[in-house]
Amino acid sequence: MLNTIDQIFIKAKQIILDILSPFLPEWMMILISIFIVIVTLCVFGPVVMMYLTLLERKFIGRMQNRYGPNRCGIFGLLQPLSDGIKMFTKEDIVPQKADPFAHFLGPITVIIPSLLVFSVIPFGRNMIPSDLSIGILFFFAVASTSTLWIFTAAWGSRNKFSLLGGMRAVAQMVSYEIPMLLSIVPALLVVGSFSTVAIVNAQEGLQWFVFTPWGLVGFILFFLTGVAEVNRCPFDLPEGESEIIAGFHTEYSGMKFALFYMAEYMNAFSVSALVTTVYLGGWQGPILPSWLWFFAKTFVLISIMMWFRGTFPRMRVDQLMGFAWRGLLPLAFINLLAAALWVHLSFPLNDILSFCILTVSVLMIYVANRKVAPKKRIYKYAYE
Amino acid sequence: MTLFQFLATTAFYAAMLGILIAAALCVTVRNLFHSAVFLAFTLIGIAMLYFFLQAEFIAAMQILLYVGAIMTLIVFAVMLTSRMGNPAVPQSFKNKKIVFLPLGLVGFILISAILKTPWETSEPQTAVNAVTLGKALMNQYVFPFEVVSLVLLVALIGAIVIARSE
Amino acid sequence: MYGLGVLKGLWVTIKNFTLSYFTRKRLTTVQYPEERITLSEHARTFPILVYDESPDKLRCVACEICAKECPPKCISIVRAQDEAGKPLKQPKFFDIDYSVCMNCGICEEVCPFDSIYMDRQFELSAYERSEEFLYTKDRLAKSAEYFSKIRPETAKKVEEKRKAKEK
């Protein structure tokens with residue numbers, strides 16, 4: 001019974017294929033089975049994004065002592081639909097001297113990586129759209145192209161402030177990519193394979209990676225760098241909403257802006273999904289169906305991202321870069337070392353040793369990054 | 001299944017055609033930024049070819065390094081060298097037809113070299129995946145690996161020396 | 001220590017979030033068309049004219065002090081005349097242009113006959129500006145009971161003053 005609920009989506013697809021199979025030739029059946037998966041993903045992505053926007057607005061509203069949207073439908077559940085209608089019917093304004101090629105290409109290419117990475121995320125037991133042998137690497141490769149596309153979008157605006165926002169976006173994304181990749185490597189070291197399915201299968205029982213010393217540090221590192229990669233608060237300087245109006249997507253209206261907006265929330269979802277896959281055990285969990293565990297964990301992480309958005313002010317660009325290069329990068333290297341030691345030693349010693357190494361390194365990084373307070377000034381000639 | 005083979009071959013040739021078109025556009029378009037974007041498309045096309053040839057690790061590395069990092073570098077270089085208003089390259093010499101002579105010569109040499117190379121391999125190669133690549137890098141090719149990392153270190157230090165404020 | 005401010009901030013926000021489901025103090029929104037907040041007694045929006053027995057017998061004697069004192073000059077008064085042409089102590093036309101009125105309350109302060117006072121109605125939106133917002137005498141006239149309902153303390157003071165003057 002539990003197994004049926006667990007595999008309910010696989011069984012639904014099988015039922016559809018069984019209904020259609022007497023009528024159609026075999027090659028068409030294969031195409032249809034691929035097509036079902038693709039259509040599900042392409043529907044699932046934007047629907048998830050729409051309801052994530054609603055969830056964010058209500059969540060942040062409650063944190064700010066107000067209701068979120070609650071006029072459109074009960075609890076505002078039809079609000080994303082009205083937002084969608086608004087964005088479809090807005091006029092598409094292209095600035096006169098803007099580059100039409102870059103202006104057109106920007107939004108399209110920004111959303112392609114966001115949709116493409118859904119194909120390597122395991123949503124449940126046997127429920128991964130395509131089990132690549134290089135799953136994690138594919139995710140990072142495709143996500144790292146976004147820097148170029150965000151820059152294209154900024155260039156297409158013909159606006160100095162958007163270009164500035166785009167350059168800051170590229171600098172931020174490039175400098176947070178390195179700690180992000182390094183924070184994944186300990187998990188790959190332990191599992192021995194790039195495939196996301198193998199990583200989830202290696203976390204059987206309750207041996208999620210987050211419960212190990214290097215896993216805890218890796219989880220925090222990966223989560224923070226993931227938040228920085230998708231340009232969410234407190235790292236959302238590129239789209240700094242009150243500083244440079246909307247950063248690199250200022251000059252886009254209507255459907256193009258809807259695509260940027262969708263790309264941001266789908267990126268947030270996919271980064272949370274990847275963090276749960278690698279560190280929180282993916283779909284592993286005792287009683288409930290696997291896809292329910294997956295969505296619960298991803299939902300918790302997304303709520304933490306929204307919690308950060310409601311709490312923190314935006315980081316300044318030099319603080320942002322300093323955090324990445326002076327704080328997170330050394331910690332990522334030392335985490336890798338600690339994980340390697342953990343793998344090769346045996347039970348009590350490995351936990352203790354890696355725990356000690358990590359706490360010492362965190363303290364050292366903290367001490368090394370403290371700003372020296374300037375000396376108190378002495379005004380020799382005042383008050384004379 | 002022959003339909004799938006047909007579709008796969010068609011897709012392969014279509015990808016190659018796409019790469020050729022993107023590369024041709026990259027070198028003929030006047031606007032520098034557009035040509036950088038077409039270069040990115042060419043590199044992504046090459047990564048798709050690697051996927052077709054079942055070299056998945058190399059394909060992912062191609063996207064990650066070329067399109068993710070090197071194209072960012074090229075785009076920043078384009079931005080720093082051209083004005084934002086009109087990044088078109090000004091034409092410097094007038095008589096364009098004389099270019100076809102060395103172009104034809106180089107093309108002839110390349111195409112004859114390609115046609116004369118024995119491309120057929122006798123037995124199917126084993127797929128190289130990340131694990132064997134990693135082990136080979138650490139055991140057999142450790143010296144080039146260390147030299148490359150030394151070169152990267154020198155480049156990093158050089159960049160810091162150039163970019164630091166006095 | 002360096003990271004504690006961050007954690008304290010997170011704690012404040014999450015406390016706000018969870019307690020907003022339980023206490024009213026942390027969710028101060030008023031769902032406007034269904035609930036309304038009660039205005040205080042001295043809130044003022046637009047002027048009205050008070051009558052004692054019937055809308056014909058306004059307290060106003062058309063002295064035109066409020067028209068002279070009104071800063072944007074939104075009040076226009078024409079004194080009534082009987083058949084012989086002799087001026088009467090009541091206004092024939094008393095128009096206030098609500099779209100010009102700036103809700104200052106000076107007309108209330110200077111009226112010596114306790115006839116013009118500030119009301120508290122703000123839900124007066126209309127579709128046309130010229131017809132709907134030019135309030136004539138019949139729309140401005142409100143009874144003294146209405147006046148004491150909306151402003152009990154002021155009405156009580158005004159009643160005591162008028163009784164003292166009558167004696």
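In terms of non-hydrogen atom pairs under 4.5 Å with chain A, the most contact-rich of I63(B), L65(B), L7(B) is I63(B). Ranked by heavy-atom pairs under 4.5 Å with chain B, the list T109(A), I134(A), V142(A), T145(A) is led by I134(A). Ranked by non-hydrogen atom pairs under 4.5 Å with chain B, the options F151(A), F138(A), F194(A) are led by F151(A).
In this structure, chain B has a heavy atom under 4.5 Å from the side chain of T147(A), while its backbone stays farther away. Heavy atoms of I44(B) lying under 4.5 Å from chain A belong exclusively to its side chain.
Within a 6.0 Å radius of CZ in F52(B), more than 12 heavy atoms belonging to other residues, nucleotides or ligands are found. Heavy atoms from other residues, nucleotides or ligands lying under 6.0 Å from CZ of F333(A) number 12 at most. For CD of Q54(B), the number of neighbouring non-hydrogen atoms (other residues, nucleotides, ligands) closer than 6.0 Å is 12 at most. Shown here is F209(A), whose CZ atom has more than 12 heavy atoms of other residues, nucleotides or ligands within 6.0 Å. Around CZ of F35(A), the count of heavy atoms belonging to other residues, nucleotides or ligands within 6.0 Å does not exceed 12.
Residue-level contacts of residues 97-106 of chain A with chain B, in order of numbering, are D99(A), F101(A), A102(A), L105(A); threshold 4.5 Å between heavy atoms.
A centroid separation of 6.0 Å or more is found between the aromatic rings of W155(A) and F76(B).
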